[in-house]
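Inspection log for the structure reproduced underneath, given as structure tokens.
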There are 2 protein chains.
Amino acid sequence: VVKATNVKKVYGLKGSIYTALDDINLTIETGEFVGIMGPSGSGKSTLLNVLSTIDHPTSGDIFIDNTNLAQMNEDQLSAFRRDKLGFIFQDYNLLDTLTVRENILLPLALAKIKARDLNQKADKIAEQFFIDSILDKYPYQISGGQKQRTAVCRAIITNPSLLLADEPTGALDSRSATDLLECLKELNETDKTTILMVTHDAFAASYCKRVLFIKDGTIFTELVKGNT
Amino acid sequence: VVKATNVKKVYGLKGSIYTALDDINLTIETGEFVGIMGPSGSGKSTLLNVLSTIDHPTSGDIFIDNTNLAQMNEDQLSAFRRDKLGFIFQDYNLLDTLTVRENILLPLALAKIKARDLNQKADKIAEQFFIDSILDKYPYQISGGQKQRTAVCRAIITNPSLLLADEPTGALDSRSATDLLECLKELNETDKTTILMVTHDAFAASYCKRVLFIKDGTIFTELVKGNT
Ligand SMILES: Nc1ncnc2c1ncn2[C@@H]1O[C@H](COP(=O)(O)OP(=O)(O)OP(=O)(O)O)[C@@H](O)[C@H]1O
Ligand SMILES: Nc1ncnc2c1ncn2[C@@H]1O[C@H](COP(=O)(O)OP(=O)(O)OP(=O)(O)O)[C@@H](O)[C@H]1O
Ligand SMILES: [Mg+2]
Ligand SMILES: [Mg+2]
């Protein structure tokens, strides 16, 4: 369960401040697949950054499984990010000095898994997203959509219990996008992965069971999927 | 007029080569608005890079207004890129050490326009895309969609005669995307700007008069817009 209570995020100091999040309240139950939609600049990425502990709220509380993040020490936060969280970044955040394979495996390297297991895992997940032929290339040698899928593989290779996805289909053609969305659907239904996905795309949003709408740093409405 | 004849682009050397473009032939007439669609990794960005002189084909010829690019010297190529070309990059290519305003104005700074004129031009174009409030921020301080629109402003501020746009709506919500597409439509209809736009989005493609479909580095079909 992910819960945000009166979360606010203000950037800047002195005379030049900007309120990116303004009184966010939300609860995401374990196993939910929730979408977040809203205009450009409305606070979606900021919200994911704050929920994932990558950034800190200016005020307010965030609870992960009933534990207030503000009360976790750095070791506990690192363990959460390493063992429970997967994050597909809007701008991918691949490391340019690592190959596609090494980027995908980075979370597992941090968890000290055996080398042979690593290569098998990388091969298998890369095949699923049709990027197995580029595993030895570097990020500057692959296309935008190939980078995005590399980022997806890296985010899900640890089988995280919470997956935050920031516009994971933006650079994908419709076939690749559908492949990804079906994979997320399966993770949610089979592995009970909790998924929070930011998207601008109505087709992607149709995979969510519930969609929160954000504007000017505030959630102002939500839609819950019917049974049609 | 942009014309490509038997263009091929091969990456790599020795035993590790990859053919990203394989025998491209196309003609874009002055004033056309042409789309390019195709699967991820099919060669779209590579094609734009080669047509814009940012990269070189391995073989084949490209003509801009009947002049073979291979016969232009570096000064002529620089003049073409500076005076005639606008490019909206897939990953935006903003300079992190420049503000949004300075990024937008970079092409004009290169053309040595007067300072007062510069600020007016930046204000005007930024207002058109609703990023006038962030002109003094740096790229790490703005959202994905705000970066994309900054890149758009920078590409069109010189009123280029040829605009290459690599997935210019990928990070935009539908309202921002429509604003951009309407702007491109106006540039094409009013200023006679020749536009070649890569897109994965059917709505964006509907703005094009003609769409070329690329797969495995080859154009394999095209659709021409009817009058319905
Ligand atoms: N510098 C490079 N070195 C080696 N291979 C490259 C290089 N740049 C691109 N490629 C390969 O060439 C192919 C075409 O790349 P390109 O970026 O043109 O694809 P694209 O159609 O734009 O895809 P997307 O829709 O994902 O952006 C891809 O398979 C890519 O891996
Ligand atoms: N580091 C920062 N410093 C100052 N302002 C920031 C910073 N990061 C984001 N902002 C501002 O906060 C607002 C929300 O940004 P955020 O990236 O969350 O938007 P978003 O909803 O993800 O938009 P998009 O759909 O364009 O990706 C924007 O107006 C942005 O300019
Ligand atoms: Mg964002
Ligand atoms: Mg591309």
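Letters go in sequence order (proteins before strands), and every chain restarts at 1.
- When each of B:A202, B:G144, B:A177, B:A20 is scored by its heavy-atom pairs under 4.5 Å with chain A, the top score falls to B:G144.
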At a 3.5 Å cut-off, give me the donor-acceptor pairs between chain A and chain B, one pair per line with the distance.
{"unit_1": "A:S40", "atom_1": "N", "unit_2": "B:D173", "atom_2": "OD1", "d": "2.9"}
{"unit_1": "A:S40", "atom_1": "OG", "unit_2": "B:R149", "atom_2": "NH2", "d": "2.5"}
{"unit_1": "A:R149", "atom_1": "NH2", "unit_2": "B:S40", "atom_2": "OG", "d": "2.5"}
{"unit_1": "A:A171", "atom_1": "O", "unit_2": "B:H200", "atom_2": "NE2", "d": "3.3"}
{"unit_1": "A:D173", "atom_1": "OD1", "unit_2": "B:S40", "atom_2": "N", "d": "2.8"}
{"unit_1": "A:H200", "atom_1": "NE2", "unit_2": "B:A171", "atom_2": "O", "d": "3.3"}

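- Of the residues considered (B:G38, B:P39, B:G12), B:P39 shows the highest number of contacts with chain A, using heavy-atom pairs under 4.5 Å.
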